[in-house]
Amino acid sequence: MHRPSAVRVAGAAFVAATATAAVVMAPLPAAFATPSTSVVISEAYGGGGNSGATLTNDFVELANRSTTAYPLDGYSVQYLPASPSAGSLWQVTPLTGALAPGGDYLVTEGAGSGGSTALPTADAGGNIAMAAASGTVALVRSTTALTCKTAADCAGDPAVVDLLGYGTAVVREGTAAPVASNTTSVSRTASLADTDDNSADFTAGTPTATNSAGETANGGGTGGGPGGPTTPGAFRIHDIQGATRLSPLKGQSVVGVPGIVTAVRTTGSKGYWIQDPTPDTDPATSEGLFVYTGSTAPTVSVGDAVLVSGKVTEYYPGTGTQSVTELGSPVSTTVSTGNALPDAVALNDSTVPGAYTPTANGGSIEGLPLQPSVYSQDLYESIEGMRASVRDARVTGATNSYGEMFVTAKPHERPTKRGGTLYGAYDQQNTGRIEIVAADGSTPTLNVGDELSGTTTGPVDYASFGGYLLAPSAATTGRAVDNGLKQEVTRRQKGKELALATYNVENLDPTDGADKFARLAKGIVTNLSSPDIVTLEEIQDDNGATDDGTVSAEATLTRFTAAITAAGGPKYSWRYVNPVNDQDGGEPGGNIRQVFLFNPKRVSFVDRPSAGDASTTAVSVVRDRRYRV
């Protein structure tokens with residue numbers, strides 16, 4: 001605030017005036033604030049809980065116009081009646097924390113007896129009963145109550161950071177903002193401009209209380225459409241994504257992030273992707289971002305230009321150690337429709353690097369600078385949320401019940417005779433491997449060796465069980481080509497041959513249906529021709545996901561070997577070591593382990609005692625000349 005110029009009146013003017021002359025004095029000057037480049041009062045509502053109101057509480061909302069956090073510890077929001085009397089006092093609500101760059105800060109005040117919708121979680125709270133139509137709100141660099149009662153005196157108080165007078169308020173900046181009501185608040189224009197004139201900076205309209213998390217009074221965000229800013233804010237998508245796997249703005253609220261809607265996800269975790277058509281020059285910073293609308297179906301359409309406000313979050317899907325940078329609790333405004341989509345990044349042999357992922361010397365790679373020209377996983381992360389495409393993609397992992405399948409963006413990378421891609425070892429990862437999950441749930445049903453002919457395009461996403469994926473819409477999924485892969489059936493071993501197999505039984509436990517047991521048993525008997533030894537993977541304990549300390553798998557194996565016998569196979573025996581409860585991964589409570597099945601009519605098992613707990617005692621293979629195959 002700066003002090004107004006003093007009003008000077010020449011003494012001679014009064015001497016010359018006659019007794020009948022009227023002396024007309026100009027009105028006292030209004031309070032003016034030095035235009036703020038950081039924190040401002042962005043909205044005030046005093047009709048909470050009144051007759052006809054929807055919201056239950058009054059509130060004051062602050063906004064940060066700058067690109068740095070603004071500390072609020074020791075500050076306060078204060079309120080004065082529109083026409084203060086000699087006995088009127090400023091009422092004080094202390095503030096704490098900081099106002100994030102481009103973010104909002106919600107101060108809830110007094111509640112009325114009416115209203116049906118609670119405010120979102122407040123960042124600070126008081127019990128001031130604000131008047132609905134008129135009043136004065138001040139942001140103060142102190143928690144001591146102000147003493148000024150006129151616009152001029154408040155303008156001269158250095159503790160006043162920003163001032164809003166609405167309706168008939170005497171204390172105001174310039175001319176007062178419009179009259180509010182039980183159903184309307186006064187809000188600063190979307191650009192958050194501060195011109196030192198409340199009437200120019202504020203308009204009356206529907207209350208839109210938003211907290212620092214980007215949550216609104218309707219329970220958090222919208223699926224798109226009206227309700228957000230109409231001009232871009234301080235941040236772009238590449239500012240949010242940053243040059244590592246974690247956003248430099250994690251946990252902060254951002255306002256008016258511009259982008260073009262490139263895809264909409266209407267199943268599962270609903271939301272939509274936006275991409276900035278005007279990228280920066282840093283190849284490590286993605287220009288795409290997922291906007292998470294939760295259970296609310298997105299109302300935006302592909303090609304819409306939107307401005308989105310919300311809270312920057314890092315979502316860790318499933319059990320994965322990597323996250324997806326998202327914008328949560330969004331409020332957005334559609335600026336225009338039918339816009340051209342940004343070009344897709346082509347994923348192929350020449351664009352996807354041959355190295356898989358960096359190492360962090362035993363730690364997390366989340367904070368490492370991305371090197372998209374060196375590592376394939378860094379490339380995918382650097383285009384997270386952006387449109388990307390694969391052409392004539394060979395299917396390397398069949399479509400599953402979750403609508404997921406895997407293709408390779410590099411058709412010449414370790415191809416197998418049956419159309420797959422060889423995965424040799426942990427240090428021989430396939431850099432072209434990427435998952436396809438249609439955003440509308442319409443992933444075609446294909447098998448290994450089949451093909452998505454043509455170009456398949458969608459935004460890049462991340463899922464812990466499959467890694468990076470493309471989320472195309474049905475309209476942009478390549479034409480499915482079935483190349484007729486059939487299940488293999490191996491020949492039965494001869495008399496002096498030993499047949500061994502490894503078989504994943506997909507978290508098998510006694511609570512699974514009979515059809516699963518029968519299907520898996522058929523695989524061993526028919527397709528594998530009843531091997532002499534079968535190493536089973538993912539055998540769960542006797543009650544599956546029930547987490548009650550059970551670790552034995554006797555019931556699981558008894559039922560499974562009975563299903564094998566019923567399918568025409570041998571009566572297998574088994575050996576395994578119980579894991580330590582809840583220590584060996586898999587489904588929580590399931591205690592998965594490996595198991596040896598063996599046909600006792602063909603082979604025998606030599607049991608060896610353990611020196612300690614068999615599941616935690618180290619073992620090694622030793623040569624014993626008494627035994628040979």
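None of these values were measured; they are calculated from a predicted model.
- Nearest approach of Asp349 to Pro411, heavy atoms of both residues: OD2-CD, 3.7 Å.
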I would like to know whether Ile539 and Tyr576 meet side-chain contact (heavy atoms from CB on, under 4.5 Å); could you show each step before the answer?
-> CA-CA 10 Å; Ile539 285 284; Tyr576 65 91; over 6 Å; no

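- Taking CG of Asp104 as the start and CG of Asn64 as the end, the distance is 9.5 Å to the nearest 0.5 Å.
- Closest of all the heavy-atom pairs between Thr399 and Thr443 is CG2-CG2, 4.4 Å.
- The backbone N or O of Arg387 sits less than 3.5 Å from a side-chain atom of Gln275, completing a donor-acceptor pair.
- Open room surrounds CD on Glu488; 12 or fewer heavy atoms of other groups in view lie less than 6.0 Å from it.
- Ile365 contributes atom CD1, which lies 3.5 Å from atom OG1 of Thr357 (distance to the nearest 0.5 angstrom).
- Among all heavy-atom pairs drawn from Leu327 and Ser309, the shortest one is CD2-C, 4.5 Å.
- Using a 4.5 Å cut-off on side-chain heavy atoms (C-beta onward), Ser530 and Val525 make contact.
- Taking 4.5 Å as the limit, some side-chain heavy atom of Tyr292 sits within range of a side-chain heavy atom of Ser269.
- Of the options Pro353, Pro358, Pro283, a side chain to side chain contact (heavy atoms under 4.5 Å, CB included) to Asp378 is made by Pro358 and by none of the others.
- Between Glu451 and Asp392, some side-chain heavy-atom pair lies under the 4.5 Å cut-off.
- Judged by distance alone, the side chain of Thr334 and the main-chain N or O of Asp304 form no donor-acceptor pair under 3.5 Å.
- Between the Arg418 side chain and the Leu485 main chain, no donor and acceptor come within less than 3.5 Å of each other.
- Listed for the Thr556 side chain is a donor-acceptor partner under 3.5 Å among the backbone atoms of Asp541.
- With no hydrogens or angles considered, no side-chain donor-acceptor pair links Arg391 and Asn348 at under 3.5 Å.
- We find the CG-OG1 distance between Asn504 and Thr535 to be 12.0 Å, quoted to the nearest 0.5 Å.
- Using modelled atom types and a 3.5 Å distance limit, the side chains of Ser247 and Gln241 yield no donor-acceptor pair.
- By the 4.5 Å heavy-atom criterion applied to side chains, Phe235 and Val312 are not counted as neighbours.
- The heavy-atom pair separating Val308 from Pro330 by the smallest distance is CG1-CB, 3.9 Å.
- Taken from CD in Gln322 to OG in Ser364, the straight-line distance is 8.0 Å, to the nearest 0.5 Å.
- Remark: Pro279 pairs with Glu287 by the side-chain contact (heavy atoms from CB on, under 4.5 Å) rule, at least two apart or across chains.
- Side chains of Arg394 and Thr421: a donor-acceptor N/O pair is present below 3.5 angstrom, by distance only.
- The closest side-chain heavy-atom distance from Gln493 to Asp532 is below 4.5 Å.
- Heavy-atom minimum distance, Thr416 versus Leu422: CG2-N, 3.6 Å.
- Using modelled atom types, no side-chain atom of Tyr462 and backbone atom of Glu381 make a donor-acceptor pair closer than 3.5 Å.
- The main-chain N or O of Gly449 is found under 3.5 Å from a side-chain atom of Asn483 such that the two form a donor-acceptor pair.
- Between the side chains of Asn581 and Asn591, at least one donor N or O lies within less than 3.5 Å of an accepting N or O.
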Could you please spell out the steps behind the side-chain contact (heavy atoms from CB on, under 4.5 Å) verdict for Arg491 and Ser529?
-> CA-CA 6 Å; Arg491 69 169 175 82; Ser529 297; 5.8 Å; no

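- The number of heavy atoms from other shown groups lying within 6.0 Å of CG (Asp343) does not exceed 12.
- To the nearest 0.5 Å, the span separating OH on Tyr272 from OG1 on Thr262 amounts to 11.0 Å.
- A donor-acceptor pair under 3.5 Å is absent between the side-chain atoms of Ser389 and the main chain of Thr455, judged by distance alone.
- With rounding to the nearest 0.5 angstrom, the CG atom of Leu249 is 12.0 Å from the OG1 atom of Thr313.
- Under the ring pair (Phe, Tyr, Trp, His ring centres under 6.0 Å) criterion, the residue pairs touching residues 365-387 are Tyr380-Tyr468, with sequence neighbours excluded.
- Side chains of Thr285 and Asp280: a donor on one and an acceptor on the other come within 3.5 Å.
- Heavy-atom neighbours of Gln487 CD from other residues, nucleotides or ligands within 6.0 Å: at or below the threshold of 12.
- Between the Arg575 side chain and the Phe598 main chain, no donor and acceptor come within less than 3.5 Å of each other.
- Applying the ring pair (Phe, Tyr, Trp, His ring centres under 6.0 Å) test to pairs two or more places apart or on separate chains, none has a residue in residues 406-436.
- Closest heavy-atom contact between Ser323 and Glu314: OG-OE1, 2.6 Å.
- The backbone N or O of Val335 lies less than 3.5 Å from no partner atom in the side chain of Thr333, so there is not a single donor-acceptor pair.
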Run the numbers on Ile564 and Leu597 for side-chain contact (heavy atoms from CB on, under 4.5 Å), then give the verdict.
-> CA-CA 11 Å; Ile564 293 172; Leu597 292 187; 4.0 Å; yes

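- Under the 3.5 Å distance criterion, the side-chain polar atoms of Asp276 are left unmatched by any main-chain donor or acceptor of Gly259.
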Stepwise side-chain contact (heavy atoms from CB on, under 4.5 Å) check, Ile383 with Leu347 = CA-CA 11 Å; Ile383 58 174; Leu347 303 177; 4.0 Å; yes

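- Using a 4.5 Å heavy-atom cutoff, the side chains of Leu470 and Thr457 are not in contact.
- Side-chain atoms of Glu538 and Asn507, non-hydrogen and from C-beta on, do get closer than 4.5 Å to each other.
- Side-chain atoms of Thr431 and Glu413 form a donor-acceptor pair, as typed in the model, at a separation below 3.5 Å.
- Residues Thr408 and Arg433 fail the side-chain proximity criterion, which asks for heavy atoms closer than 4.5 Å.
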